[in-house]
**Student:** 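Below is one structure. I have some questions about it.
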2 protein chains.
Amino acid sequence: MPRGNAVTIREVARRAGVSIATVSYVLNESAPIREETRARVLAAAAELGYRPSALARSLRARQSHTIGYSWHHVPRDHWHPILDPFLYSMAQAAEAEGYHILTFAQPADGNPWRPYQELMLTGRVDGFILSETNRDDPRVRYLLDHDFPFVAFGRANEEWDFPYVDVDNAAGTRMAVEHLVGLGHRRIAVIAWPEDSLTGSYRLQGYLEGMAAAGLPVDPAWVVRTEHSEAAGRQAMGLLLALPPDRRPTAVVTMSDLMAIGAINALYEAGLQPGRDVSVVGFDDVPMAQYLRPPLTTLRQPVAEVGARVVEMLLKLMRGEPLPERRVLLPPRLMVRESSGPHPIP
Amino acid sequence: MPRGNAVTIREVARRAGVSIATVSYVLNESAPIREETRARVLAAAAELGYRPSALARSLRARQSHTIGYSWHHVPRDHWHPILDPFLYSMAQAAEAEGYHILTFAQPADGNPWRPYQELMLTGRVDGFILSETNRDDPRVRYLLDHDFPFVAFGRANEEWDFPYVDVDNAAGTRMAVEHLVGLGHRRIAVIAWPEDSLTGSYRLQGYLEGMAAAGLPVDPAWVVRTEHSEAAGRQAMGLLLALPPDRRPTAVVTMSDLMAIGAINALYEAGLQPGRDVSVVGFDDVPMAQYLRPPLTTLRQPVAEVGARVVEMLLKLMRGEPLPERRVLLPPRLMVRESSGPHPIP
DNA sequence: GGGCATAGTTGAAACGTTTCAATTCCTGGG
DNA sequence: CCCAGGAATTGAAACGTTTCAACTATGCCC
């Protein structure tokens, strides 16, 4: 029965022979109630299987106890390496505090902040979690302008002040370079994303820092910028392999596992053995990464931690509690597998 | 501002110089209103940026316009091949009708139907979408017993009467067998799931039907039941390879891409070439499948269609409209790639 | 010119809570 | 035995809508 005849506080009150106020006080422990009355009310509520209406409660309290989250839908071969664990950890963290996650789709056309506006104005949500933010992100801008609580997984413009949690992308690629240097590589290339990707620029920066720290020069030809796809990764690797032998990289850091796979496939096509002839490192640690041939060395993002953290911060924010840290960076973890090579290069 | 000072219908009424009832009638077009008044109200609403409170509306209408969905969280190397497209298509379909999707986590312990009960009793949702149902599914049982609207992606006990959409798993594996037979294979094995998986039993059944239809005998040793993991798939393939030459299968159908990868890896380890020496077919078409070596022949599930369909049915159900079809089966699509072999076997 | 239907509008109730302010009930001290 | 004062309880308002029932014009017919 679709809650048409759900039991209300009124019925509990009648059954316990008290007023509805008393029932409310007992259930919320928000006023001193005689023990005997308390017991009677509790018994009545239990017998009737009473649960207070979230709707009525929300209306009264003027908050929905709901958090909005929307993610970018991507073509099926690009996919979202993080949705499942991220959403799950958010849902868990939220529920522990009596909140729920409302997911909504980002329409392909129109203002990206439209759905956010609608949810906010109709009072359906008390705050938002954003993910995959970027420079000049219109959603971030909109929420900041309207002073609505939100926390982002990812950064935007440095000068915009808003709470976020992000993976320390630069640290990740820096680690990757260090790892490769430790294996004896000196000519290390990077297959990077286009300039408009903020995350991509952090990852690229980490590569550059890693090279600099190791005192290695960077041949401009080693930095290939291309889009996020297997085909692009494959092509980029082809470009690198076409360099003259003394400039040809022996290792390559990529922005994603998908691109790493492209690179690996290019190596196979060129008759080379990935992990032996050329080392490849990915980013994301997609579920399959460990089962690929060769198993992929890659950077695992602490997605579940980000999810829990981001919700925790949002709850604090919505309750008006102070946020100890508004800008959190969590380090990724380098998963060393065979695509980066089992042995140091002589 | 967290909606503390959101504009209400009262303010619109005052600004337009009419009663709140009139405003409501204008906005919902639920009563005849003089054109001039109508214009005044509309103008006032627009000027104030008024949007009716979803909470108040829901309370009054006694429905939340929200659909609950929860999925099983899986270990990170098993993952959920369908969550992203499924959730996205559901969200889209729901929003087109003014509904939203509330996601919640399935706690590891305790009654599986507990969170469903809570959401239902507190009136937070008007209906549920279930996925990954199984035989004797306690959630299905609970919702049936309490006569609460839901639609499942997946089936349960044959004798339980409830609306569902499912992929025609048997048709999928049948297609796979046909395809392999067409390539010239006669000794075809299957790496299947344990008996407690309903989906697994449909997929196994399809294999058996396919073999029967082709007039091929099934050696009992060709049916290996094992759990859903790469390691298990690898082991199972090992078992099959250990059969004497004249009983050794030349092709194998698996229950999932993950197991197919295990099988492929076992072939490599045995010095065999998957797709040439032994054909392998997966199930799911995970995003990486096409980029594997060899690219994986597999069955793609029409996940987005299922999502749209399931929501459409649930909406009908909740509105009390008749459901033309209560049991829908959607065929998967065989994606032929190289792991099943480029050439017919002589 | 009176009655009457009808278009247009409004007041108020209701949805199910929480909580303020007021009331009743005790208990104990003088 | 009375009264103060705290403990326990209650009535009613409020949250922001929708919608029923009632009311007021307005125009039309006889």
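Computed from a predicted structure; not experimentally measured. Each chain gets a letter, A, B and so on, in the order its sequence line appears, and its residues count up from 1.
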**Student:** CZ of B:Arg62 versus C1' of C:dG16: gap in Å, rounded?
**Tutor:**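 To the nearest whole Å, that distance equals 10 Å.
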**Student:** Tell me whether B:Arg14 at atom CZ has more than 12 heavy atoms from other residues, nucleotides or ligands lying less than 6.0 Å away.
**Tutor:** no
**Student:** Decide whether B:His65 and B:Asp126 meet the rule of one side-chain donor and one side-chain acceptor closer than 3.5 Å.
**Tutor:** no
**Student:** Should B:Arg114 and B:Glu118 count as an ion pair when the cut-off is N to O under 4.0 Å?
**Tutor:** no
**Student:** Under 4.0 Å between a side-chain N or O of A:Ser53 and OP1 or OP2 of C:dG16?
**Tutor:** no
**Student:** Please state how far atom CD in A:Glu36 lies from atom P in D:dA7, giving the value in whole angstrom units.
**Tutor:**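 About 19 Å, once rounded to whole Å.
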**Student:** B:His65 NE2 to D:dT18 P: how many Å, rounded?
**Tutor:**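 My rounded result for the distance is 10 Å.
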**Student:** Given atom CD1 of B:Ile33 and atom P of D:dA25, what is their separation to the nearest angstrom?
**Tutor:**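 The distance from CD1 of B:Ile33 to P of D:dA25 comes to 17 Å, rounded to the nearest Å.
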**Student:** Which whole-number value in Å describes the distance from A:Leu59 CG to D:dT17 C1'?
**Tutor:**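 Rounding to the nearest Å, CG of A:Leu59 and C1' of D:dT17 are 8 Å apart.
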**Student:** Which residue lies toward the 5' end of DNA chain C, B:Arg60 or B:Pro32, if each is placed at its nearest nucleotide?
**Tutor:** B:Pro32
**Student:** Find which nucleotide of DNA chain D each of B:Ala56 and B:Ala21 is nearest to by heavy atoms, and output the residue with the more 5' nucleotide.
**Tutor:** B:Ala56
**Student:** Please compare A:Leu27 and B:Thr22 by the position of their nearest nucleotide in DNA chain C and report the one closer to 5'.
**Tutor:**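 Taking each residue's closest nucleotide, the earlier one in sequence belongs to B:Thr22.
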**Student:** Give a yes/no on whether any side-chain N or O of B:Ser24 is located under 4.0 angstrom from OP1 or OP2 of D:dT18.
**Tutor:** yes
**Student:** Hey, is the side chain of A:Arg10 poking within less than 4.0 Å of OP1 or OP2 on C:dG16, counting only N and O atoms?
**Tutor:** no
**Student:** Answer with base, sugar-phosphate or nothing: what part of the nucleic acid does A:Thr37 contact at a heavy-atom distance below 4.0 Å?
**Tutor:** sugar-phosphate
**Student:** Given atom CZ of B:Arg57 and atom C1' of C:dA14, what is their separation to the nearest angstrom?
**Tutor:** 17 Å
**Student:** Flag the pair B:Arg319 and B:Glu97 as a salt bridge only when some basic side-chain nitrogen lies within less than 4.0 angstrom of an acidic carboxylate oxygen.
**Tutor:** yes
**Student:** Can you find a side chain N or O atom of A:Tyr25 that sits less than 4.0 Å from OP1 or OP2 on D:dA7?
**Tutor:**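 No, A:Tyr25 has no side-chain N/O under 4.0 Å of OP1/OP2 on D:dA7.
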**Student:** In whole angstrom, what separates A:Ile9's CD1 from C:dA14's C1'?
**Tutor:** 16 Å
**Student:** In whole angstrom, what separates B:Ile20's CD1 from C:dT10's C1'?
**Tutor:**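 Going from CD1 in B:Ile20 over to C1' in C:dT10 covers 10 Å.
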**Student:** Could you tell me if A:Asp137 and A:Trp160 have a donor-acceptor pair between their side chains, going purely by distance under 3.5 Å?
**Tutor:**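 Looking only at side-chain atoms, A:Asp137 and A:Trp160 do not form any donor-acceptor pair under 3.5 Å.
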**Student:** Would you indicate, yes or no, if D:dT18 has its OP1 or OP2 atom less than 4.0 angstrom from a side-chain nitrogen or oxygen of B:Ser30?
**Tutor:** no
